[in-house]
Amino acid sequence: MRALGSYVEGHWQAPSGEGSVVLDAATGEPVTAVSTEGIDMAGALDHARRSGAPLRELTFHQRAGILKELAAYLKAHREELYELSTRTGATLRDSKFDVDGGIGVLAAYASKAKRELPNDTIYVEGPVESLGRGGSFVGQHVLSPLRGVAVQINAFNFPTWGPLEKLAPAFIAGVPSLIKPASQTAYVTERLVRLIASSGLFPEGALALVSGPAGDLLDHLGPQDLVCFTGSAATAARLRVHPRVVASSVRFNAETDSLNLSILGPDVVAGSRELDLYVDGLVSEMTVKAGQKCTAIRRAFVPGALAEEVIGALVERLAAVRVGNPANPEVAMGPLASLAQRDEVRRAISRLSVAAKTVFGDPYHVEVIDGDDERGAFMSPVLLYADDPAGPELHDTEAFGPVSTVMAYSSPSQLPSLAALGGGSLAGSVVTSDPGFAKWVVRELAPWHGRLLVLDVDDAGESTGHGSPLPALVHGGPGRAGGGEELGGMRAVHHHMQRSGIQASPRVLSAVTGRWVPGAPRSEGMHPFRKSLAELRVGDTVVAGPRRITAEDIASFASLTGDTFYAHTDEEAAKANPLFGGIVAHGYLVVSYAAGMFVSPEPGPVLANYGLENLRFLTPVRPGDELTVTLTAKQITPREDAAYGEVRWDAVVVNQKGEPVATYDVLTLVAKHPAPLSA
Ligand code: NAP
């Protein structure tokens with residue numbers, strides 16, 4: 001049997017060794033072999049580092065465009081991945097979770113990056129910091145892509161989602177990825193990488209794959225590389241102290257195993273919809289992927305008075321779960337990934353049994369549909385119950401299969417310490433309709449969790465469930481869960497970048513970041529609204545005014561808008577106001593007058609004003625004050641897929657004494673070329 005190829009140094013390479021055979025989880029037949037013998041790990045890393053430039057030269061928006069296309073490409077080819085996943089024991093529902101979930105992460109990162117990152121190659125973070133009194137020395141944080149490789153080590157249970165959720169933020173950041181799947185299911189990831197490579201979408205060097213054992217891969221890590229690990233806590237503990245990781249301060253992010261909990265709130269009553277939601281969640285977490293989910297519920301805490309009812313409902317539901325050949329549409333739950341994995345789960349159940357009794361399922365016997373439990377790793381769901389939740393085994397044993405333990409609590413005050421016994425988890429859920437309990441329990445449990453789902457009848461319809469990590473929210477958890485963070489929107493992108501504090505004069509900082517900063521030169525000349533993006537430069541400015549504000553202006557603005565707040569209309573009352581001491585102009589009048597002053601009204605390249613940001617009213621404006629506005633092009637972001645782009649303008653309105661009365665950013669859409677829309 002030919003061993004899987006690895007994709008390194010820009011081409012597919014076959015290992016020199018025969019490798020170890022990987023068996024089909026359901027039939028026990030050989031699927032493939034894995035080996036990395038003869039694969040030059042140092043060369044693979046070196047090539048990825050050396051050829052990272054084309055990826056880095058793309059802007060965030062261009063990378064996002066590629067990810068979007070890749071998501072569409074993989075979607076069109078996903079049947080191949082579903083089919084192959086069956087051999088890992090996945091039912092179609094499981095495969096969709098893995099494959100569609102992974103494609104969804106690509107699409108989510110593509111659209112978030114377009115919205116939240118500039119069309120540039122560096123990311124400017126936070127405000128300009130003033131470092132000197134005179135304004136000639138300023139600071140700014142910038143994030144730039146690390147020049148190394150993101151070594152992505154994945155667990156066996158999500159051979160598509162796992163690599164894609166790591167690849168998406170690395171790619172957006174501009175860092176090449178080297179994927180190392182778990183040997184057991186590497187054939188699915190290999191097919192995924194073949195699809196990506198054949199799409200032709202990725203720039204050379206952006207992706208590599210090592211199909212099998214890591215060998216000496218980590219021995220060649222350098223100071224600009226990262227390791228993004230998912231797997232068991234034991235492996236993470238070994239790898240995070242690898243001499244190269246330590247010596248080169250390699251960023252090491254770990255997602256490990258976790259004793260996730262779910263709590264049925266003390267407010268929930270027998271026969272309620274909330275109780276059904278709780279049971280639904282638990283059954284789904286036990287059976288999707290045969291419970292081989294890092295986020296699956298292992299510890300289910302229920303009020304003692306409801307324990308019997310909850311267990312009764314769970315037993316009824318679990319009895320209806322049909323276990324067997326994952327390709328058979330009648331089957332709800334496939335086998336575990338391997339016979340070895342099943343042995344491990346059985347051992348874990350024995351340990352749990354010290355503190356809990358089995359109320360459903362026999363780990364050594366299951367009725368199998370269309371399969372043979374000698375050859376396939378089939379196993380019944382196993383539900384345990386502990387009326388005393390204190391047993392340490394209940395909180396430190398991860399049975400990585402269709403196994404969960406219901407535990408009774410007598411008072412909610414026990415929950416924080418019971419949660420803490422898990423030592424840190426990826427995800428927790430609470431079913432309650434009492435906002436007071438929700439507030440208390442979230443405060444108590446959040447420090448131990450990366451994500452908390454609070455479920456009630458209001459969000460149940462749209463909820464993605466306890467076990468689904470989402471691209472927009474952090475995936476990771478403290479302590480036993482690995483202490484890492486993945487996903488979480490742009491946080492994961494930033495993780496692949498170096499944050500540097502740049503100190504410079506405003507002129508130089510503006511040149512470095514491509515953004516105008518206060519104190520940098522301004523250029524007055526042709527009105528900047530007459531310039532297309534091709535002509536407009538950061539720093540282009542218009543100064544307009546002065547315009548006097550009269551008492552009549554304020555009165556008519558109040559009557560026109562209906563904003564007759566006393567500070568604008570009632571002299572007596574306004575005098576008594578400690579901040580105003582008399583009638584003042586509406587802030588929105590100031591902003592409107594400023595627009596009236598700086599606008600260049602004839603049709604031209606400016607297409608629309610789509611908002612204001614950071615608006616602050618700083619000094620009250622009184623009748624008789626004279627306003628002047630300075631508008632300066634601050635940031636220019638051409639859109640990749642449109643004939644226009646965004647221009648952010650710095651706006652400062654001052655009074656006749658030069659005191660700033662309002663500051664804000666004006667956001668406009670401006671044509672790329674003088675007459676693009678008709679072109
Ligand atoms: P594992 O045995 O720890 O393996 C995880 C990965 O580490 C595999 O790719 C494995 O490769 C690799 N690995 C092992 N030794 C290595 C070394 N010396 N150098 C480099 N890589 C090495 O875990 P698993 O059995 O695949 O996964 C199950 C566990 O993962 C469960 O405990 C589960 O809770 C956890 N998990 C956590 C998450 C999460 O997001 N937090 C997600 C899924 C799973 P080989 O397969 O080639 O040995």
Side-chain angles (χ1 to χ4, degrees), residues 3-4 6 15 19-20 22 33-36 39 41 88 97-98 101 105 151-163 165-166 178-187 189-190 209-221 227-245 250 252-260 289-298 336-338 340-345 348 396-401 403 422 424-427 449-451 467-469 474-487 492:
L4 290 176
S6 288
S20 353
V22 176
V34 287
S35 166
T36 47
I39 302 292
M41 300 293 178
T88 70
F97 201 88
D98 184 34
V105 174
V151 173
Q152 300 160 357
I153 302 176
N154 293 289
F156 71 80
N157 55 341
F158 285 108
T160 304
W161 179 84
E165 63 101 18
K166 288 181 165 65
L178 185 149
I179 299 174
K180 197 237 122 359
S183 294
Q184 178 65 38
T185 53
Y187 52 94
T189 311
E190 191 246 16
L209 169 79
V210 167
S211 298
D216 63 355
L217 177 66
L218 269 53
D219 295 344
H220 306 289
L221 291 172
V227 175
C228 310
F229 172 84
T230 298
S232 63
T235 310
R238 273 189 289 123
L239 301 190
R240 73 163 84 242
V241 295
H242 185 285
R244 288 306 305 164
V245 171
V250 172
F252 187 90
N253 191 77
E255 300 297 326
T256 60
D257 52 39
S258 175
L259 273 291
N260 310 291
K289 298 280 301 178
Q292 299 167 112
K293 259 168 56 201
C294 52
T295 48
I297 300 166
R298 306 288 171 208
L336 300 181
S338 65
Q341 191 58 31
R342 184 172 68 181
D343 288 344
E344 258 194 50
V345 175
D396 67 14
T397 311
E398 186 201 39
F400 201 59
V403 184
S425 298
L426 296 166
H449 291 85
R451 181 167 58 79
S468 304
V474 158
H475 174 58
R480 177 170 183 155
E485 278 191 5
E486 284 183 344
L487 301 178

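Atoms within a ligand are numbered from 1 in the order they appear, just like the ligands themselves. Computed from a prediction, not measured in an experiment: that's the story for all the values here.
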Any donor-acceptor N/O pair, Thr36 side chain to Ile39 backbone, under 3.5 Å: no

Main-chain N/O of Gly212 paired to Lys180 side chain as donor or acceptor, under 3.5 Å: yes

Ser258 side chain vs Leu426 backbone, donor-acceptor pair below 3.5 Å: yes

Per-atom contacts of ligand 1 with Ser183, taking only distances under 4.0 Å to non-hydrogen atoms: 45 (P), 46 (O), 47 (O)

Phe158 contact mode with ligand 1 (heavy-atom cut-off under 4.0 Å): neither

Nitrogen or oxygen of Asn154 less than 3.5 angstrom from that of ligand 1: yes

His449 side chain to Asn260 side chain, donor-acceptor N/O pair below 3.5 angstrom: no

pair Phe158-Gln292: side-chain heavy atoms closer than 4.5 Å: no

Identity and distance of the protein heavy atom lying nearest atom 24 (P) of ligand 1: Phe156 CD2, 3.6 Å

For Asn157, atoms of ligand 1 separated by under 4.0 Å from a heavy atom: 43 (C), 44 (C)

Under 3.5 Å: donor-acceptor pair, side chain of Ser6, backbone of Ser211: yes

Nearest neighbour in protein (non-hydrogen) for atom 33 (C) of ligand 1: Phe400 CE1, 3.3 Å

Atom 12 (C) of ligand 1: the protein heavy-atom neighbour that sits closest, reported with distance to 0.1 Å: Ile153 CG2, 3.6 Å

Lys180 near ligand 1 by a heavy-atom separation under 4.0 Å: yes

Non-hydrogen atom of Pro181 closer than 4.0 Å to ligand 1: yes

For ligand 1, the portion of Ala182 having any non-hydrogen atom under 4.0 Å away: both

For atom 27 (O) of ligand 1, closest protein heavy-atom neighbour: Ala155 CB, 3.4 Å

Check: Asp98 side chain, Thr160 main-chain N or O, donor-acceptor pair, under 3.5 Å: yes

Check: Gln341 N/O within less than 3.5 Å of ligand 1 N/O: no

Closest protein heavy atom to atom 5 (C) of ligand 1, given as residue, atom name and distance to 0.1 Å: Thr230 O, 3.5 Å

Closest candidate by heavy atom, reference atom 3 (O) of ligand 1, pool Thr185, Thr235, Asn260: Thr235

Atom 35 (C) of ligand 1 [closest protein heavy-atom partner, distance rounded to 0.1 Å]: Gly231 O, 3.2 Å

Heavy-atom gap His475 to ligand 1 smaller than 4.0 Å: yes

N or O contact, Thr256 vs ligand 1, cut-off under 3.5 Å: yes

Which segment of Glu398 sits under 4.0 Å of ligand 1 when only heavy atoms are counted: side chain

Pi-cation contact, Phe229 with Lys166 (under 6.0 Å, within 45°): no

Contact check, side chains of Trp161 and Pro469, non-hydrogen atoms, under 4.5 Å: yes

Atoms in ligand 1 flagged as close to Leu426, the criterion being non-hydrogen separation under 4.0 Å: 39 (C), 41 (N)

Mode of Ala236 contact toward ligand 1 - side chain, backbone, both, neither (heavy atoms, under 4.0 Å): neither

Enumerated ligand 1 atoms positioned under 4.0 Å from heavy atoms of Ala214: 19 (N), 20 (C), 21 (N)

Protein heavy-atom partner closest to atom 37 (C) of ligand 1 - residue, atom, separation in Å: Cys294 CB, 3.1 Å

Under-4.0 Å heavy-atom contact between protein and atom 47 (O) of ligand 1: yes

Residue, atom name and distance, where the atom is the protein heavy atom closest to atom 18 (N) of ligand 1: Leu239 CD2, 3.6 Å

Side chain Thr185, main chain Phe156, donor-acceptor under 3.5 Å: yes

N or O pair under 3.5 Å between Ser232 and ligand 1: yes

Close side-chain approach of Val105 to Leu487, heavy-atom, < 4.5 Å: yes

For residues 234-241, which side-chain N or O atoms pair as donor and acceptor with protein atoms under 3.5 Å away, sequence neighbours left out?
residue : atom : partner : partner atom : Å
Thr235  : OG1  : Ser232  : OG           : 2.9
Arg240  : NH2  : Gly482  : O            : 3.1

Non-hydrogen side-chain atoms of Leu178 and Leu209 separated by less than 4.5 Å: no

Polar side-chain atom of Thr256 near backbone of Arg480 as donor-acceptor pair, under 3.5 Å: yes

Main-chain N/O of His220 paired with Arg244 side-chain donor or acceptor, under 3.5 Å: no

